[in-house]
Amino acid sequence: MKKYLLLIEDEKLWEKFKALIDKDINTEIIELIKKKVSGGKK
């Protein structure tokens, strides 16, 4: 498994994202990536 580092420059936006997520951050980001790759369909 490869690991990637995510750099967030907008801390206010990051705090809003963390407040909205239901699962762990990695799972939420993977789901966003899958949604984007599939053309926004889910």
Side-chain angles (χ1 to χ4, degrees):
M1 175 185 356
K2 292 184 179 182
K3 296 180 182 180
Y4 296 91
L5 176 64
L6 177 65
L7 299 175
I8 305 294
E9 293 181 359
D10 187 337
E11 290 187 34
K12 289 180 183 178
L13 182 63
W14 180 246
E15 290 300 323
K16 288 180 183 179
F17 175 73
K18 287 195 308 184
L20 290 172
I21 62 175
D22 297 324
K23 302 170 188 168
D24 66 280
I25 292 171
N26 287 334
T27 301
E28 291 286 346
I29 292 172
I30 290 296
E31 287 180 6
L32 288 171
I33 292 169
K34 287 179 181 177
K35 185 176 178 182
K36 188 72 171 179
V37 169
S38 68
K41 304 170 195 162
K42 190 172 182 186

Taking atom [atom1] of [X] and atom [atom2] of [Y], what is their separation to the nearest 0.5 Å?
X: Asp10; Y: Lys16; atom1: CG; atom2: NZ; value: 8.0 Å
X: Glu31; Y: Ile21; atom1: CD; atom2: CD1; value: 10.5 Å
X: Ile8; Y: Glu15; atom1: CD1; atom2: CD; value: 10.5 Å

| Same cluster (ILVMFWY, side-chain, under 4.5 Å), Ile25 and Ile33 |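 Cluster IDs for Ile25 and Ile33 match.
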| task | Spell out, yes or no, whether Leu6 and Leu13 are grouped together once hydrophobic residues are joined by side-chain heavy atoms under 4.5 Å, including indirect joins. | result |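 Leu6 does not cluster with Leu13.
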| said: Less than 4.5 Å apart, side chain to side chain, heavy atoms only: is that true for Tyr4 and Asn26? | reply: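 They are not in contact (no side-chain heavy atoms under 4.5 Å apart), so the answer is no.
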| said: Measuring only between side-chain heavy atoms, which start at C-beta, is Phe17 closer than 4.5 Å to Leu32? | reply: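 Side chain of Phe17 against side chain of Leu32, heavy atoms only: contact under 4.5 Å found.
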| query | With no hydrogens and no angle check, is any side-chain donor or acceptor of Glu28 less than 3.5 Å from a backbone partner on Lys23? | reply |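 A pair under 3.5 Å: yes.
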